[in-house]
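Convention: sequence-line order gives letters A, B, ...; per-chain numbering from 1.
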2 protein chains.
Amino acid sequence: MTMDKRKKRRLESAGWKVGGTSEFLGLTEEEEAIVELKVGLANAVRDQRSRRSMTQEQLGRLLGSSQSRVAKMEAADPSVSIDLMVRSLLRMGASRKDVASYIAAPRSKRAA
Amino acid sequence: MTMDKRKKRRLESAGWKVGGTSEFLGLTEEEEAIVELKVGLANAVRDQRSRRSMTQEQLGRLLGSSQSRVAKMEAADPSVSIDLMVRSLLRMGASRKDVASYIAAPRSKRAA
DNA sequence: GCTTTTCATGTCACATCTGACATACGCTGG
DNA sequence: CCAGCGTATGTCAGATGTGACATGAAAAGC
């Protein structure tokens, strides 16, 4: 919920004229894409963490962050940036290409 | 330059023990990956913009932002977040998959 | 069952990012 | 020359993201 005002402002200033609050079910196409993208990263974080069988607290420590922020990342909470998720993945040893594939994939590949 | 303190703090709290200021030529592997990734997005923004033959000012307006911020994006300035670049690309009509490929590619594909 | 561990959610002070502005630089046409 | 356009770079007030803490609710282990 943190960026609704900005979104509206941006869309309007670009000449888009947003109806009420929602486009047709709450999200513009652009925002839907961002959410999907974030969910991909969120899933990747959780997958990587459980592959390494770490707790959220351990991962938080590894990242120089906290358990609660890790939880929010994995929940794709609006308060977490793509930057943070990407940095976290890289820190867990993922490559740039890995990150790219997590973003491209709707659901993470179920591979072990 | 904006996140050097945090970086150091994070690495140390993770038990890494950073030498002086630099690892061996100024960047950790993780940070190098982030920079490459951002450069990929930066190039993509410039490419997309010039494909559409827009000026930075026009794109700024389209994004609800400004010419100077677009310039910084295209320069992969440290003050620009990945989020902003991704949103910009999506706004210019790129798909989630497009974004992924821009991230994976060291230099953008020279395709027309 | 209940204790312990792990995860989820809210809040907040402080850090970072952002749009806007000012100003400078290079280039092109006149 | 120099005026105009596009781009680059610095700065800053205000918006957004972050780590940390508190607390609650599931699971796990006993």
Side-chain angles (χ1 to χ4, degrees), chain A residues 1-14 31 34-35 37-39 41-43 45-91, chain B residues 1-14 31 34-35 37-39 41-43 45-91:
Chain A
M1 256 88 264
T2 154
M3 51 178 296
D4 279 350
K5 282 168 304 183
R6 305 188 73 216
K7 159 194 154 190
K8 189 139 176 282
R9 198 150 55 75
R10 281 190 180 155
L11 291 175
E12 286 176 353
S13 70
E31 288 218 313
I34 290 207
V35 170
L37 188 151
K38 278 182 150 194
V39 168
L41 293 173
N43 289 340
V45 168
R46 196 187 294 269
D47 277 16
Q48 287 295 315
R49 176 173 66 85
S50 62
R51 275 205 208 322
R52 305 177 156 227
S53 46
M54 300 174 94
T55 73
Q56 291 181 337
E57 172 139 24
Q58 291 173 315
L59 179 55
R61 196 183 317 285
L62 172 67
L63 301 175
S65 179
S66 59
Q67 179 269 321
S68 56
R69 195 128 296 269
V70 172
K72 285 173 224 266
M73 276 196 242
E74 295 184 354
D77 187 284
S79 85
V80 326
S81 70
I82 295 176
D83 293 66
L84 184 61
M85 297 199 257
V86 167
R87 273 188 252 122
S88 301
L89 288 168
L90 293 174
R91 180 70 127 213
Chain B
M1 262 86 264
T2 152
M3 52 178 296
D4 279 349
K5 283 167 303 182
R6 304 187 73 217
K7 159 194 154 191
K8 188 136 177 282
R9 197 149 56 74
R10 280 190 180 156
L11 291 176
E12 287 176 350
S13 70
E31 289 216 314
I34 291 207
V35 170
L37 188 152
K38 278 183 150 193
V39 168
L41 292 173
N43 288 340
V45 169
R46 197 188 293 270
D47 277 16
Q48 287 296 314
R49 177 173 66 85
S50 63
R51 275 204 207 324
R52 306 177 155 226
S53 46
M54 299 173 94
T55 71
Q56 291 182 339
E57 171 140 22
Q58 290 173 316
L59 178 55
R61 196 184 317 287
L62 172 66
L63 301 176
S65 179
S66 59
Q67 180 269 321
S68 56
R69 196 128 294 271
V70 172
K72 285 173 224 270
M73 277 197 244
E74 295 184 351
D77 187 285
S79 84
V80 180
S81 70
I82 295 176
D83 292 66
L84 184 61
M85 296 198 255
V86 168
R87 272 189 253 119
S88 300
L89 288 168
L90 293 174
R91 189 52 124 3

Using whole Å, report how far CE of B:Met85 lies from C1' of C:dC17. 12 Å
In whole angstroms, how far is the P atom of D:dA25 from the CD atom of A:Gln56? 17 Å
Given C:dC17, is OP1 or OP2 found less than 4.0 Å from the side-chain N or O atoms of B:Ser81? no
Separation of B:Leu63 atom CG from C:dG19 atom P, in whole Å? 8 Å
If I take atom CG from residue B:Leu59 and atom CE from residue B:Met73, how far apart are they, to the nearest 0.5 angstrom? 6.0 Å
Classify the side chain of B:Ser68 versus the base of C:dC21 as yes if they form a donor-acceptor pair under 3.5 Å and no if they do not. yes
Residue pair B:Glu57/A:Gly60 against DNA chain D: nearer the 5' end by closest nucleotide is B:Glu57
Can you measure A:Asp77 atom CG to D:dG19 atom P for me and round it to whole angstrom units? 13 Å
Comparing B:Asp83 and B:Ala71 on DNA chain D - which has the more 5′ nearest nucleotide: B:Ala71
Could you go step by step and tell me if B:Gln58 and B:Gln67 meet the side-chain hydrogen bond (donor to acceptor under 3.5 Å, both in side chains) rule? CA-CA 8 Å; B:Gln58 290 173 316; B:Gln67 180 269 321; over 6 Å; no
When you measure from the side-chain N and O atoms of B:Arg69 to the phosphate of C:dC17, is any distance below 4.0 Å, counting only OP1 and OP2? no
Which part of the nucleic acid, if any, lies within contact of B:Ser66, taking any heavy atom under 4.0 Å across all strands shown: a base, the sugar-phosphate backbone alone, or nothing? base
Could you check whether B:Val70 gets within reach of a base, just the sugar-phosphate, or nothing at all, counting any heavy atom under 4.0 Å? nothing
Smallest separation among heavy atoms of A:Gln48 and A:Leu89, with atom names: CG-CD2, 4.1 Å
CD1 (B:Ile82) and NZ (B:Lys38) are apart, to the nearest 0.5 Å, by 6.5 Å
Under 4.0 Å from OP1 or OP2 of D:dT7: is there any side-chain N or O of B:Arg49 that close? yes
Would you find a donor on one side and an acceptor on the other, under 3.5 Å apart, between the side chain of B:Asp83 and the backbone of A:Ser81? no
Measuring from the side chain of B:Arg87 (C-beta onward, heavy atoms only), which nucleotide among C:dA8, C:dT18, D:dT18 has the closest atom? C:dT18
Do any side-chain nitrogens or oxygens of A:Ser65 fall under 4.0 Å of OP1 or OP2 in D:dG19? yes
Under 4.0 angstrom, heavy atoms only, what part of the nucleic acid is B:Gln67 near: base, sugar-phosphate, or nothing? base
Tell me whether the side-chain N/O atoms of B:Arg46 come closer than 4.0 Å to OP1 or OP2 in D:dA8. yes
Assess whether one donor atom and one acceptor atom, taken from the side chain of A:Lys72 and the base of D:dG17, lie less than 3.5 Å apart. no
d(CG, B:Leu59; P, D:dG6) in whole Å: 14 Å
Could you tell me how far apart B:Met73 (CE) and D:dG6 (C1') are, to the nearest whole angstrom? 16 Å
Whole Å only: how far is the CD atom of A:Glu74 from the C1' atom of D:dA26? 15 Å
